[in-house]
K.L.:
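The structure that follows is given in the form of structure tokens.
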Amino acid sequence: MALPAAVAALAGVGLGWWAPEGLVELWSLALLLLLARGSWRGVGLALVVALTAGQVLLAKGAELPMGLLRVDLLVEGRLESVKEEGRLTRLLVSVDDCRPLLAEGLPCDRLRRVRLSHFQAPDMAPGERWALAVRLRPPGGFANPGTFDYGAWLWREGIQATGYVRSEPPAERLKPAGFSPRRLALEHLEARQLPPVTTRWLAALTLGAGERLTRQEWDLLNASGTTHLMVISGLHVGLVATFSLLMARGFGRLVAPRCWRLAVWPWCLAGAVAIGYAWLAGLQPPAMRAMIMTLIGLWVASGRHAPGPWQAWWLALGLIVVLDPLSVWRPGLWLSFVAVSLLIVIWQGRARPAGARGWAWALLRTQLLLAPLMAAAVLLAFARLAPVAPLVNLVAVPVVSSLLVPLGLLGWLLTPVPALSKLCWWLFERIALALIALLEFAVAWLPLWWPSAETILPLALMLGLVALLWSLPGLVATLRVGGSLLLVPAMLGLTEPRQEPGTLRVRIQDVGQGQLVELRSASYRMLYDAGPRFASGFAPLASLWPPGQRFDRVMVSHDDIDHAGGVALLAEEHRVNEFLAPRGEDIGVPFTPCLQGQHWQRDGVTYRVLWPPEDTAALSSNNRSCVLEVTVGPHRLLLTGDVGRDVERAFLLDVQRPVTALLAGHHGSRTSSGPQLVQALAPRHVIYSAGRYNAFGHPHDEVVRRFRRGGSCQWSTALDGAVTLWLGIDVEPPIHSARVMPWRRSGVEGECHAVESPH
């Protein structure tokens, strides 16, 4: 039943996600037919489908409705996590009760989990219950090609809304935190006054408190391919269970030397310890997954009415999906099960290694065979590749599993004897520092690689084929070696497709309420604006590219924080040949003034500055914005910053026609995109760079209607995500959005008939 049950659970998740019409009626009819035939096995599988589908449907239905956007709500709940980021505190709240502050408001009682920002928060601790006045919005995030999908992360974490805590009425603590062994353990670590690195790594490796690690430490782990070692995974829970089993069986051998092999209690004790350790670590999804897999692994290893390895694999998958259907969207689930499936293939049917040399070779072989398949899985899940991971893990896995984790746990066991506990954690610190130094050296030698989107899938497939060639039993050596000799050069030869001269890729990135445009031709890369910087200090530009990018030119339209917020990050982490900005502005770095009449040409693309003039003293910051015209063959792009209608009329006669695409001025505000500009230019495409659910109402309904009457096809990053145009390719340039809108090209008025704004 393991395989059918797992398939039924996955089918239920799929049905709950797509929710086809008549789902409940079809399921009820199928259940009646199964009952009529007396197929109790089928009835059980139908119930599994209903259970997982129902949980997914409930999760979808719990998301904050649009009617509660910007409505004051009172939320009461338990703080799951509290993370301080300067003046800002991030809260994850398990909601017990939610209601509008005004009695006539819509209900919000379906909310179960929300993520909040709290500025200048009082002292707050996980486990406490608080009453908070909040403003929420439906879960969502930036939609840019090849970047972290924050909206998807919120979904798989079961977070139904995000927002911020209001200052009035003030937050009220309802109940102090209850008893929590994990919190007590973390407080004990803090009280021991250990070096910060030791405290953070002990918390992460032994208690699953990965949130204690710094951003730099996570970046180092990602770049070295060792992230899997720093969460409570099957490695940690398995080690604890194995140690408990060996100790229990050793004790059983002493007290009952004749029948110790038949004793069941050591296996039960090991299972209980695995459950307790996962509970101590907070029973987060990775810990719960590791606990279930460890319990089933103990059952298989005990040999008592146990399933085979593949039956156990399907049983574990089915149980995890039934208990937590949202885990299907978590990459960690599939990384774990892919690794375990390959381990089954590698070890099934092989003799048990003999002696230390045999075990060492077996573990080395296993690690080398796992490396390419795990690299392929990580590449598909996170679009990155750590070239040093296979070599680093040969050292890191034994060090963490054989030294760091045992020393950390032994230090906890010896807490009643402070001297011995201190010695264990001192050794832990020395080894951890040595491991960090090794990771830093390895990453400096072979840094993290972010392949282009076009090469990810073929590279992952080739890595997977290499892993299978060497892992599948029964293949002849000629096939293994010959296949590898063909695949490895093909992988090394994968390169990003080069653009043809005379073509330009224009991407208006989704950066919220701000603006950032990337212009890229065959050998030239330019940015128009650098996106916003939020009150928390986060700049969306940080999520678009890894450090070390090269930009030939960055033109900042003016120094408003929604246009120049990412300049400091660009100067710090990337290579920029030249910054341009209007005279009189302050963008935080030296720049060349952009002036009316400047022009240059690269790769057959012509760039021309239409505004501002030499004298800008009498102009406001918005009206000093750099206005850029880009021409590629018959196509023309116009970027106007935040200039108002008066300035639009001043440079309007200088714009060449026709205009293929226009980035609407001031995010679609009514102060820009005046009637003269719309009528004179009649752009084929208009793009609004605006934040989703922004409080300014951008784009303004008057502007939307004006462009609609002019026949323009309208796009908005608030709805469409990043918008990409290819200029210079066809008479009608291709245009794509990061969010798929199936209704956009299906109306009676042609391909541009759509609801382009909420107005």
K.L.:
Are E157 and R115 close enough, and set up right, to give a salt bridge (Lys or Arg N to Asp or Glu O under 4.0 Å), and what steps lead you there?
P.N.:
CA-CA 10 Å; E157 293 300 315; R115 191 168 192 249; over 6 Å; no
K.L.:
Go through the side-chain N and O atoms of H667 and N694 and say whether any donor and acceptor fall under 3.5 Å apart.
P.N.:
no
K.L.:
I'd like to know if R90 pairs up with E84 as an ion pair, taking the criterion as any Lys NZ or Arg NE/NH1/NH2 lying under 4.0 Å from an Asp or Glu carboxylate oxygen.
P.N.:
no
K.L.:
Can a donor-acceptor pair be found between the side chains of R636 and T631 at a distance below 3.5 Å?
P.N.:
yes
K.L.:
Minimum heavy-atom separation for S712 and P683, please, with both atom names.
P.N.:
OG-O, 2.6 Å
K.L.:
Taking atom CG of L610 and atom CD of E629, what is their separation to the nearest 0.5 Å?
P.N.:
5.0 Å
K.L.:
May I ask you to check whether W201 and E217 show a side-chain donor-acceptor distance below 3.5 Å?
P.N.:
yes
K.L.:
Is the backbone N or O of S673 less than 3.5 Å from a side-chain atom of E648, with the two atoms forming a donor-acceptor pair by type?
P.N.:
yes
K.L.:
Looking only at side-chain N and O atoms, does S672 offer a donor or acceptor that is under 3.5 Å from a partner on S669?
P.N.:
no
K.L.:
State, without any angle test, whether R384 and N222 hold a side-chain donor-acceptor pair at a distance under 3.5 Å.
P.N.:
yes
K.L.:
Starting at CZ of R583, measure out to CD of E614 and round the result to the nearest 0.5 Å.
P.N.:
4.5 Å
K.L.:
Between CZ of R553 and CG of L519, what distance do you get to the nearest 0.5 Å?
P.N.:
12.0 Å
K.L.:
Please name the residue in the list L637, L727, I735 that meets the side chain to side chain contact (heavy atoms under 4.5 Å, CB included) test with T660.
P.N.:
L727
K.L.:
Between Y607 and Q601, does any side-chain donor sit less than 3.5 Å from a side-chain acceptor?
P.N.:
no
K.L.:
Atom CG of D560 and atom CG of D642: how far apart are they, to the nearest 0.5 Å?
P.N.:
6.0 Å
K.L.:
Are the side chain of D603 and the backbone N or O of S521 linked by a donor-acceptor pair below 3.5 Å?
P.N.:
no
K.L.:
Between the side chain of H599 and the main-chain N/O of G597, is any donor-acceptor distance below 3.5 Å?
P.N.:
yes
K.L.:
Would you say that V609 contacts W600 through its side chain, given a criterion of any heavy-atom pair below 4.5 Å between the two side chains?
P.N.:
yes
K.L.:
Which pairs, with at least one residue in residues 517-567 and sequence neighbours excluded, count as a disulfide bond (SG atoms under 2.5 Å apart)?
P.N.:
none
K.L.:
Pick one: which of I508, L541, T717 meets side chain to side chain contact (heavy atoms under 4.5 Å, CB included) with L516?
P.N.:
L541
K.L.:
Ignoring hydrogens and geometry beyond distance, is a side-chain donor-acceptor pair present between W155 and Y150 at under 3.5 Å?
P.N.:
no
K.L.:
Taking atom types as modelled and ignoring hydrogens, do the side chains of H736 and T724 form a donor-acceptor contact shorter than 3.5 angstrom?
P.N.:
no
K.L.:
Does any part of the side chain of S689, heavy atoms only, come nearer than 4.5 Å to the side chain of L663, both counted from C-beta?
P.N.:
yes
K.L.:
Taking Q598 for the side chain and P593 for the main chain, is one N or O donor matched with an acceptor at less than 3.5 Å?
P.N.:
yes
K.L.:
Does the T199 side chain pair with the main chain of P195, one donor and one acceptor, at a distance under 3.5 Å?
P.N.:
yes
K.L.:
Would you call D562 and F534 a side-chain contact if the rule is heavy atoms closer than 4.5 Å?
P.N.:
no
K.L.:
Work out which heavy atom in A664 is nearest to a heavy atom in T640; give both atom names and the distance.
P.N.:
C-OG1, 4.4 Å
K.L.:
Under 4.5 Å between any side-chain heavy atoms of F538 and R533, yes or no?
P.N.:
no
K.L.:
Closer than 3.5 angstrom, by distance alone: can the side chain of E585 be matched with the main-chain N or O of D559 as a donor-acceptor pair?
P.N.:
yes
K.L.:
Are side-chain heavy atoms of L380 and W334 found at a separation under 4.5 Å?
P.N.:
no
K.L.:
Tell me, do L662 and H685 make a side-chain contact under 4.5 Å, heavy atoms counted?
P.N.:
no
K.L.:
Measure the spacing between OG1 of T214 and CG of D219 and express it to the nearest 0.5 Å.
P.N.:
8.0 Å
K.L.:
From L544 CG over to H574 NE2, what is the distance, rounded to the nearest 0.5 angstrom?
P.N.:
8.5 Å
K.L.:
Should V397 and Q367 count as side-chain neighbours, where that means a heavy-atom distance under 4.5 Å?
P.N.:
yes
K.L.:
What verdict does the side-chain hydrogen bond (donor to acceptor under 3.5 Å, both in side chains) test give for S621 and H558, after you've listed the backbone C-alpha separation in whole Å, the side-chain angles of each residue and the deciding distance to 0.1 Å?
P.N.:
CA-CA 6 Å; S621 178; H558 61 304; 4.8 Å; no
K.L.:
Are any non-hydrogen side-chain atoms of M374 and P390 less than 4.5 angstrom apart?
P.N.:
no
K.L.:
For the pair R330 (side chain) and R156 (backbone), establish whether a donor and an acceptor sit closer than 3.5 Å, ignoring hydrogens and angles.
P.N.:
yes
K.L.:
Test the R525-W545 pair against the cation-pi criterion, namely NZ or CZ under 6.0 angstrom from the six-membered ring centroid and within 45° of the ring axis.
P.N.:
yes
